[in-house]
**Student:** 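Could you have a look at this structure, given as structure tokens, before my questions?
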Amino acid sequence: MAEEKYAESKLYRIRHSAAHVMAQAVLDFYPETQYTIGPPVENGFYYDFELPAPITAEDLEKIEKRMRQIISGGHLFEKKVISGEAARQIFANQPYKLELIEGLEKGGLDEYGNPLDVKPEISIYQHDTFTDLCRGPHVESTRQINPSAFKLMSIAGAYWRGDENNKMLTRIYGTAWEKPDELKQYLAMLEEAKKRDHRKLGKELDIFLFDDEVGPGLPLWMPNGTVIADELENLAKEMEEKAGYQRVRTPHLTKEDLFIRSGHLPYYAESMYPPMELEGVKYYVKPMNCPMHHKIFGARPRSYRELPIRLAEYGTCYRYEKSGELFGLMRVRSMQMNDAHIYCAEEQFEQEFMGVIDLYKKYFELFGIEKFVMRLSLHAKAGLGKKYVDNERLWIKTEDMVRRAMLNGGVPFVEVQNEAAFYGPKIDVQIWSAIGREFTLATNQVDFAVPERFDLKFVNREGADEIPLCIHRAPLSTHERMIGFLIEHYAGAFPVWLAPEQVRVIPITDGQNDYAAKIASQLREAGVRVSADLGAERMNAKIRQAQLMKVPYMVVLGANEAESDVVSLRMRDGSQLNNISLAEFMARVKDRIDRRASEL
RNA sequence: GCCCUCGUAGCUCAGUUGGCAGAGCACGCCCUUGGUAAGGGCGAGGUCAUGGGUUCAAGUCCCAUCGAGGGCUCCA
């Protein structure tokens with residue numbers, strides 16, 4: 001919807017036109033270049049080229065400069081609708097364009113190779129010396145691109161048509177705006193985003209660590225990060241207990257047989273660490289917990305009376321993500337999942353599925369997460385038997401069930417093809433990292449492959465065997481991705497209940513060290529995470545340190561406080577509350593913790 | 001995995017055309033006893049990611065490996 005609007009906007013035309021101007025500039029410098037596609041995207045545009053030689057960041061400046069020259073020429077963008085034959089002649093030495101023309105002519109494929117509903121006309125856009133196969137739209141003249149409101153941002157590799165079996169092209173990203181101020185604002189926003197990047201804050205706040213000798217994608221949790229993970233785990237246990245879950249524990253390793261039965265080895269093998277072999281038996285570290293939970297469900301005959309059965313575990317899983325896919329805490333190779341599997345009868349499905357959605361909503365409200373999209377991830381016919389379990393009837397049936405449940409529950413969602421799990425459709429909750437990369441945070445999945453593979457069943461009211469449905473869910477994602485996200489969401493300033501250090505006691509002179517130690521130990525007794533800064537620094541420096549570590553409460557103690565047995569409070573936001581009793585302060589802290597409140 | 005870029009002290013970064021490895025912060029010791037975001041002095045800290053190569057001489061140039069970053073592909 002919003003996309004349609006963008007495609008009709010002036011900004012879209014400016015960016016699209018800037019892409020053409022950039023392509024012209026690149027061709028001016030490197031005439032042998034083969035050019036492919038160059039669409040507008042969020043915040044800008046890109047163009048993919050096959051260049052005769054790699055280019056560098058300095059080349060971008062050169063290209064930018066040339067672009068400004070072209071812009072100042074005031075060249076008009078002229079559209080012509082032409083025949084396929086004419087197009088082939090114009091682009092005779094541009095193989096990628098020829099492939100695009102063929103797609104347009106034959107199947108009616110768009111520039112990404114996806115089928116189009118209607119066979120499109122073939123059009124070209126021309127300005128100055130540059131002609132591109134293009135459906136538009138563009139601005140009328142190059143002069144409508146503000147030469148001070150665009151910037152070439154980066155060089156990247158990109159596969160032709162997004163297929164890793166194809167050739168790697170060189171992509172140049174640019175950003176373009178109507179006015180120079182908007183560009184300035186956008187660049188400033190990027191700088192701000194970098195400051196809240198969880199990789200930077202994670203280091204500064206001593207939350208986690210990657211060590212070369214441990215390995216890529218294998219985070220070490222520092223004491224501060226462990227506090228956060230533990231608090232999330234407490235939250236999950238509390239909420240899941242209320243929602244009727246039972247906790248289980250399962251090993252990290254399993255024999256090959258289990259993953260053959262589960263279908264992971266046929267469908268998921270490339271994301272699994274290779275097996276270790278002992279006494280002729282292969283063992284795998286688990287990429288998911290489900291097969292073991294299925295075993296627990298299947299451990300004895302089940303009656304409809306005990307359904308739904310909800311088995312929960314913060315399970316540790318290992319997935320071999322390709323090296324280039326790793327991304328701080330957001331994409332790692334070892335992870336602890338807020339996992340659970342719900343086994344239910346078909347008529348219980350909607351209630352159970354929506355129960356999970358309710359859980360999400362509660363969590364998101366608690367964290368104040370507002371920018372997210374629920375995505376119904378569907379299978380793709382072409383992937384059946386390869387990426388997806390080969391049973392189209394059940395795919396369509398379960399996709400309908402999920403769609404209906406969401407519609408009945410009045411929960412907004414979007415539908416996307418070819419994003420399902422191999423065993424069924426799912427609702428993914430999509431979020432964005434500080435630098436704008438999209439991730440699936442939480443997920444709620446249907447599994448219809450379970451019954452076939454694990455022979456799971458329960459005895460129904462009529463005394464007959466019936467196959468349960470299984471819901472896989474992880475509302476709190478994995479510790480890694482959740483904490484990575486929360487670091488950015490809070491910009492490191494965690495609410496009191498999550499803050500690794502909740503209170504720092506700061507004596508004004510070392511004459512108050514004893515009093516400070518006493519106050520700290522009383523707070524600690526009361527279950528508050530507190531430290532006392534008894535070092536030789538001046539109070540100002542100590543406050544600065546505490547501020548930088550984003551400690552929610554600083555208790556500042558001078559001679560006055562010690563004498564009248566009170567405390568003075570400085571909060572992370574800079575506000576103060578002086579000369580209150582320790583009891584009053586403690587009540588405040590305990591209240592924030594107990595309510596998991598966001599305010600200080 | 002692929003394309004491009006980058007690896008200098010715990011952290012952030014300087015380091016000229018190849019010519020004796022530097023700063024600030026953090027750390028240790030000393031002085032300072034200061035009322036809400038950095039008081040001062042001294043000191044310690046480096047196989048310049050790792051391994052090869054070119055050169056009289058390599059942090060600097062070349063190759064490989066490992067790791068990180070921006071993308072692509074893939075995903076919680």
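Labels below follow one simple rule: chain letters A, B, ... track the order of the sequence lines, proteins then strands, and each chain is numbered from 1. This is a predicted model, so every value here is computed, not measured.
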**Student:** Both distances under 3.5 Å, Watson-Crick or G-U wobble: report the partner of B:A76, or none.
**Tutor:**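 Looking at the geometry, B:A76 pairs with no nucleotide.
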**Student:** Return whichever of A:Y320 or A:G511 has its heavy-atom-nearest nucleotide of RNA chain B closer to the 5' end.
**Tutor:**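 The answer here is A:Y320.
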**Student:** Is A:R199 salt-bridged to A:D197, going by a charged N under 4.0 Å from an acidic O?
**Tutor:**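 Judged by the 4.0 Å cut-off on N to carboxylate O distance, A:R199 and A:D197 do form a salt bridge.
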**Student:** Under a 4.0 Å threshold between the charged nitrogen and the carboxylate oxygen, would A:E325 count as salt-bridged to A:R319?
**Tutor:**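 So A:R319 does not pair with A:E325 through a salt bridge.
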**Student:** Quick check on ring pair (Phe, Tyr, Trp, His ring centres under 6.0 Å): which of A:Y273, A:Y284, A:F422, A:Y423 does A:H264 satisfy it with?
**Tutor:**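 Single ring pair (Phe, Tyr, Trp, His ring centres under 6.0 Å) partner of A:H264 among A:Y273, A:Y284, A:F422, A:Y423: A:F422.
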**Student:** With the side chain of A:R544 defined as its heavy atoms from C-beta on, choose the nearest nucleotide among B:A37, B:A76, B:U73.
**Tutor:**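 Closest of the options to the side chain of A:R544: B:A37.
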**Student:** Let's test this: given Watson-Crick or G-U wobble pairing with both distances under 3.5 Å, identify the partner of B:U47.
**Tutor:**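 Answer to the pairing question: none, since B:U47 forms no Watson-Crick or G-U pair.
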**Student:** Whole Å only: how far is the CH2 atom of A:W160 from the P atom of B:U73?
**Tutor:**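 Going from A:W160 (CH2) to B:U73 (P), I get 14 Å.
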**Student:** Which nucleotides of nucleotides 62-72 of chain B have their base under 4.0 Å from a protein heavy atom (B), which only their sugar-phosphate (S), and which neither (-), written as one string 5' to 3'?
**Tutor:** -----SSSBBB
**Student:** Could you state the CZ-C1' distance from A:R572 to B:U36, rounded to the nearest angstrom?
**Tutor:**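 In whole Å, B:U36 C1' lies 17 Å from A:R572 CZ.
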**Student:** Partner lookup for B:G7, please. Criteria are Watson-Crick or G-U wobble with both distances under 3.5 angstrom; report none if nothing qualifies.
**Tutor:**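 WC or wobble partner is B:C66.
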**Student:** Now, which nucleotide makes the Watson-Crick or G-U wobble pair with B:C2, with each of the two distances under 3.5 Å?
**Tutor:**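 Check on B:C2: paired to B:G71, both distances under 3.5 Å.
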**Student:** Are A:R473 and A:E240 within salt-bridge range, i.e. N to O under 4.0 Å?
**Tutor:**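 Salt bridge: yes.
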**Student:** Does A:Y30 have its ring centroid less than 6.0 Å away from the ring centroid of A:F49?
**Tutor:**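 No, the ring of A:Y30 stays outside the 6.0 Å limit from the ring of A:F49, centre to centre.
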**Student:** Which is true for A:K387 with a 4.0 Å heavy-atom rule: it touches a base, it touches only sugar-phosphate, or it touches nothing?
**Tutor:**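 Contact class for A:K387: sugar-phosphate only.
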**Student:** Going by purine N1 to pyrimidine N3 plus the second Watson-Crick contact, or the G-U wobble pair, all under 3.5 Å, which nucleotide sits opposite B:G28?
**Tutor:**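 Across any shown strand, B:G28 pairs with B:C42.
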**Student:** For A:Y268 and A:D510, take the nucleotide of RNA chain B holding the closest heavy atom to each; which residue's nucleotide lies nearer the 5' end?
**Tutor:**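 Looking at RNA chain B, the more 5' nearest nucleotide goes with A:D510.
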**Student:** With respect to the phosphate group of B:C75, does any side-chain polar atom (N or O) of A:R331 fall under 4.0 Å of OP1 or OP2?
**Tutor:**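 No, A:R331 has no side-chain N/O under 4.0 Å of OP1/OP2 on B:C75.
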**Student:** Give one of base, sugar-phosphate or nothing for A:S568, where a contact means two heavy atoms less than 4.0 Å apart.
**Tutor:**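 Base, at least one base atom sits under 4.0 Å.
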**Student:** Going by atom types only, do A:Y515 and A:D565 share a side-chain donor-acceptor pair under 3.5 Å?
**Tutor:**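 Per modelled atom types, A:Y515 and A:D565 side chains form a pair under 3.5 Å.
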**Student:** Using a 4.0 Å heavy-atom cut-off across all strands, classify A:K203 as base, sugar-phosphate, or nothing.
**Tutor:**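 Result for A:K203 = sugar-phosphate.
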**Student:** What is the base-pairing partner of B:G22, counting Watson-Crick and G-U wobble geometry with both distances under 3.5 Å?
**Tutor:**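 Pairing partner: B:C13.
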**Student:** Would you please confirm or rule out a distance under 4.0 Å between OP1 or OP2 of B:A76 and any side-chain N or O of A:K426?
**Tutor:**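 So the side chain of A:K426 is within the cut-off, an N or O lying under 4.0 Å from OP1 or OP2 of B:A76.
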